[in-house]
There are 2 protein chains.
Amino acid sequence: MEIRERLSLNMRRLRQSKGWSQEEFAHQAGLHRTYVSDLERGARNPTITVVDKLAVALGVPVGALLDEQHSAAS
Amino acid sequence: MEIRERLSLNMRRLRQSKGWSQEEFAHQAGLHRTYVSDLERGARNPTITVVDKLAVALGVPVGALLDEQHSAAS
DNA sequence: GTGTGACTAAGAGTCCGTG
DNA sequence: GCACGGACTCTTAGTCACA
């Protein structure tokens, strides 16, 4: 799986587990609404500083967003 | 610590543990020699696709490059 | 073998909308 | 609340010559 797709899936899962909308999440991370939307769709290739912001906002290490997560799903 | 600095330290440590020169490492990752040099100096703000290449070349998860590593030094 | 400034094309990141 | 588009500025990707 490509890294952009991994990020996409991980950030959506973690965001939803916080009960945040994309807009709320974008605000928390100090990013733009539409950009977070793009990232969740795997349509962008962010820099590591952006990923760091996301990770900090979610309270997880950066690896939790970029590494493949072994979810319960088949 | 900033994420660029974490990347810088981690990639240098991991590269050296492989006994690779920057040149050799750049070749393995499919990147330019001077670009790897810049990254190790924390002079660049790479995208996640670049970091992914580095991680694959080193045979480690991306988190190993971006998360803070608890080295023995203290 | 590595650090550094400079350069161009491409893409990151922001902001305006719409359905 | 989210996907998606266009347009904009500024930075990154990737490379070179030189120290």
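The basis for the numbers below is simple: all heavy atoms, side chains too, and nothing from hydrogens, waters or symmetry mates. In what follows, every chain begins at residue 1, and chains take the letters A, B, ... in the order their sequences are listed.
The bend of the helix from dT2(C)-dA19(D) to dG19(C)-dC2(D), defined by the angle between the axes of its first five and last five pairs, stands at 40° to the nearest 10°.
Arg4(A) comes within 4.0 angstrom of nothing in the nucleic acid, heavy atoms only.
For DNA chain C, the neighbouring residues in residues 43-59 of chain A, judged by any heavy atom under 4.0 Å, are Arg44(A), Asn45(A), Pro46(A), Thr47(A), Val50(A). Taken residue by residue, residues 22-32 of chain A places heavy atoms nearer than 4.0 Å to DNA chain D at Gln22(A), Glu23(A).
From the 5' end on, the contacts that DNA chain C makes with chain A at under 4.0 Å to a non-hydrogen atom open and close at dA12(C) to dG17(C).
Separating the CZ atom of Arg33(B) from the P atom of dT15(D) is a distance of 12 Å, rounded to the nearest angstrom. In this entry the distance linking CG of Asp38(A) with P of dC2(D) reads 14 Å, nearest Å. Following rounding to the nearest Å, Leu39(A) (CG) and dA3(D) (P) show an atom-to-atom distance of 11 Å. The CH2 atom of Trp20(A) sits 13 Å away from the P atom of dC2(D) (whole-angstrom rounding).
Separating the CG atom in Asn10(B) from the CZ atom in Arg15(B) is a distance of 13.0 Å, to the nearest 0.5 Å. Separating the CE atom in Met1(B) from the CG atom in Leu7(B) is a distance of 11.5 Å, to the nearest 0.5 Å.
Criterion: ILVMFWY side-chain heavy atoms under 4.5 Å apart, direct or through other members. Under it, Leu9(A) and Val51(B) are not part of a common hydrophobic cluster. The cluster map of Ile, Leu, Val, Met, Phe, Trp and Tyr, joined by side-chain heavy atoms under 4.5 Å apart, puts Leu65(B) and Val60(A) in the same cluster.
For the side chain to side chain donor-acceptor pair (under 3.5 Å) test, no residue two or more places apart in sequence or in another chain qualifies with Arg4(A). Taking the side chain to side chain donor-acceptor pair (under 3.5 Å) definition, one finds that Ser8(B) meets it with nothing, sequence neighbours left out. Scored by the side chain to side chain contact (heavy atoms under 4.5 Å, CB included) test, His27(A) finds no partners at all (sequence neighbours excluded). Scored by the side chain to side chain donor-acceptor pair (under 3.5 Å) test, Asp38(A) finds Arg41(A), Arg44(A) as partners (sequence neighbours excluded). Partners of Asp52(A) under the side chain to side chain donor-acceptor pair (under 3.5 Å) rule, at least two apart in sequence or in another chain, are Arg6(B).
Among residues at least two apart or in separate chains, there is no salt bridge (charged side-chain N to carboxylate O under 4.0 Å, His left out) pair with a member in residues 58-67 of chain B.
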Handout entry: Test side chain to side chain contact (heavy atoms under 4.5 Å, CB included) applied to Leu39(A) and Leu54(A), step by step
Key = CA-CA 11 Å; Leu39(A) 289 178; Leu54(A) 299 174; 4.1 Å; yes
Practice task
Let me see the working for Val62(B) and Ile48(B) under side chain to side chain contact (heavy atoms under 4.5 Å, CB included), right down to the final yes or no.
Solution key: CA-CA 9 Å; Val62(B) 180; Ile48(B) 60 175; over 6 Å; no
Output a table of donor-acceptor pairs, distance under 3.5 Å, between side-chain atoms of residues 16-26 of chain B and any protein atom two or more places apart or on a different chain; print 'none' if there are none.
| unit_1 | atom_1 | unit_2 | atom_2 | d |
| --- | --- | --- | --- | --- |
| Ser17(B) | OG | Leu14(B) | O | 2.7 |
| Ser21(B) | OG | Glu23(B) | N | 3.4 |
| Ser21(B) | OG | Glu24(B) | N | 3.0 |
| Gln22(B) | NE2 | Glu40(B) | OE1 | 3.1 |
| Glu24(B) | OE2 | Gln28(B) | NE2 | 3.1 |

